[in-house]
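See structure below.
Bear in mind the structure is a predicted one, so any value in this text is a computation, not a measurement.
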Amino acid sequence: MAGTPAARPVIPLSLAVLPVLLACLLSAPVTAGSFRISPTLADVPPGASMATFRVQNSGGTPLTLQVTAKKWGQHNGEDILVSTGSLLVVPPISTIAPGASQVVRVALQQPRPKRELAYRVFFHEVPPPPAPGTIGVQTALRLSIPLFFAPEKTAEELDWKVQRAANGKLRLTAHNRGTRFARLTGLGLTAGRHALTQLDGPLYILAGTRRHWLLPEPPAKTRRLTLSLEAGHEKEQRVLMLK
């Protein structure tokens, strides 16, 4: 962009349809060393209470896998993971033969609140005992998959603001006032010709939470900033005023 950005058309970004817009991306399995998992994001619709994952052992030796889940929240811009008894994982541990696959089901065991429930499901590789005489450190792979249980009623409201922090830098804040998560695949902020940040996703803002980013100090007398958002193939630009 050249100079101060002029008013630009806004392409609406619907948070409710983000999982649909990203279906092609999210249906692709994630590969971690010797095993693959699909889907890479589980979004359970209203009325359902179970998510299903498929784990494939793409290695040449048996794979022992342990599956756990934690409640996922955000506070002061940071992710918080807490142990929970509200999910049942079946099976919690299994051994998968080379080339074979295993179905893992995660079921919700509590009533749904008005806002969605967010969790992270962890797939841990349990390494075999080292062979006699082995020298070195064994590494175990772990993948984290987002799991959401959607509310009965969906409300969308994602607010953005930018302000000066105490150290002169900028503080960009996203406040999700809705009942559903927001998932961005890209975020950028510019002041005229100056790019202040360009972040690649996935970036999650959970329902009812705030997330913030500290950015470099803008050029002197900057008042008008352009925020660029991406969610899959959907793009949006907003003008934010710095006070």
Side-chain angles (χ1 to χ4, degrees), residues 1-16 18 21-22 25 40-41 70-84 115-120 122 142-148 155-243:
M1 298 180 185
T4 302
R8 304 183 62 172
V10 173
I11 303 173
L13 176 64
S14 173
L15 300 182
L18 287 179
L21 297 173
L22 299 171
L25 172 64
T40 61
L41 185 155
K70 291 191 175 184
K71 186 77 172 63
W72 180 20
Q74 290 175 332
H75 182 68
N76 290 333
E78 300 293 333
D79 286 339
I80 298 175
L81 298 171
V82 180
S83 298
T84 179
R115 281 199 175 104
E116 73 183 354
L117 294 172
Y119 300 89
R120 282 276 182 175
F122 294 93
R142 184 178 81 159
L143 283 180
S144 170
I145 305 296
L147 168 60
F148 298 96
E156 307 169 31
E157 190 175 356
L158 184 60
D159 294 335
W160 294 87
K161 70 176 181 180
V162 62
Q163 56 193 149
R164 294 188 186 276
N167 57 5
K169 293 186 177 182
L170 291 184
R171 182 185 179 95
L172 176 65
T173 302
H175 184 189
N176 188 349
R177 301 177 185 272
T179 59
R180 293 284 281 143
F181 72 96
R183 184 186 190 275
L184 303 176
T185 54
L187 181 156
L189 189 68
T190 58
R193 296 176 180 270
H194 300 273
L196 300 177
T197 189
Q198 181 61 54
L199 303 176
D200 295 325
L203 304 172
Y204 288 92
I205 306 103
L206 301 183
T209 68
R210 288 182 174 86
R211 188 168 179 182
H212 63 262
W213 297 266
L214 286 177
L215 309 179
E217 185 175 0
K221 299 182 180 181
T222 295
R223 292 291 179 270
R224 186 183 176 98
L225 301 165
T226 301
L227 176 67
S228 301
L229 305 173
E230 295 182 14
H233 297 296
E234 291 289 296
K235 296 183 179 181
E236 176 184 351
Q237 284 192 338
R238 302 186 184 189
V239 173
L240 301 180
M241 301 306 295
L242 178 61
K243 299 180 179 180

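Taken from CD in Glu234 to CG in Leu229, the straight-line distance is 11.5 Å, to the nearest 0.5 Å. Going from atom CG of Asp159 over to atom CZ of Arg177 covers 4.5 Å, rounded to the nearest 0.5 Å. Leu206 contributes atom CG, which lies 9.0 Å from atom CZ of Arg211 (distance to the nearest 0.5 angstrom). Between the OG1 atom in Thr222 and the CG atom in Leu196 there is a gap of 7.5 Å [rounded to 0.5 Å]. Here the CZ atom belonging to Arg210 is positioned 11.0 Å from the CG atom belonging to Asn176, to the nearest 0.5 angstrom. Atom CD of Glu236 sits about 9.5 Å away from atom OG of Ser228, to the nearest 0.5 Å.
Thr185 places a side-chain N or O within 3.5 Å of a backbone atom of Gly232 that can act as its donor or acceptor partner. Remark: the backbone N or O of Gly201 is not paired with any side-chain donor or acceptor of Glu230 at under 3.5 angstrom. Within the 3.5 Å criterion, the main-chain N or O of Glu78 finds no donor-acceptor partner in the side chain of Asn76. Side-chain atoms of Gln74 do not come within 3.5 Å of backbone N or O of Thr209 as any donor-acceptor pair. Looking only at distances, no side-chain donor or acceptor of Arg180 sits under 3.5 Å from a matching main-chain atom of Glu116. With hydrogens and angles ignored, the 3.5 Å screen pairs a side-chain donor or acceptor of Arg115 with a backbone N or O of Gly178. Distance alone, capped at 3.5 Å, is enough to place a donor-acceptor pair between the Thr179 side chain and the Ala155 backbone.
At a threshold of 4.5 Å between non-hydrogen side-chain atoms, the residues Leu199 and Leu184 do not count as touching. Counting only heavy atoms from C-beta outward, the side chains of Leu187 and Thr197 approach each other to under 4.5 Å.
Residue Lys169 comes nearest to Leu215 through the heavy atom pair CB-O, 3.0 Å, listed as atom of the first residue, atom of the second, then distance. Contact between Leu242 and Val162 at its shortest, heavy atoms only, is CD1-O, 3.9 Å. The nearest pair of heavy atoms linking Pro219 to His194 is CG-CD2, 3.3 Å. Between Pro202 and Arg183, the shortest heavy-atom distance links the atoms CB-NH2, 3.4 Å. Shortest non-hydrogen contact noted between Thr190 and Ala195 is CG2-CA, 4.0 Å. Across every non-hydrogen atom of Gln198 and Gly188, the tightest pair is OE1-CA, 3.7 Å.
A donor-acceptor contact under 3.5 angstrom links the side chains of Ser144 and Arg120, judged on distance only.
Within a 6.0 Å sphere centred on NZ of Lys161, other residues, nucleotides and ligands contribute 12 heavy atoms or fewer.
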- Task: Check the pair Thr40 / Leu143 against side-chain contact (heavy atoms from CB on, under 4.5 Å), numbers first and verdict last.
- Result: CA-CA 10 Å; Thr40 61; Leu143 283 180; over 6 Å; no
- Item | Stepwise side-chain contact (heavy atoms from CB on, under 4.5 Å) check, Arg171 with Arg164 | CA-CA 6 Å; Arg171 182 185 179 95; Arg164 294 188 186 276; over 6 Å; no
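Ring geometry for Trp213 against Trp160 counts as parallel: the plane angle stays under 30°, on a 0 to 90° scale with 60° as the upper cut. Using a 30° and 60° split on the angle between ring planes, Phe181 and Phe148 fall in the parallel class, below 30°.
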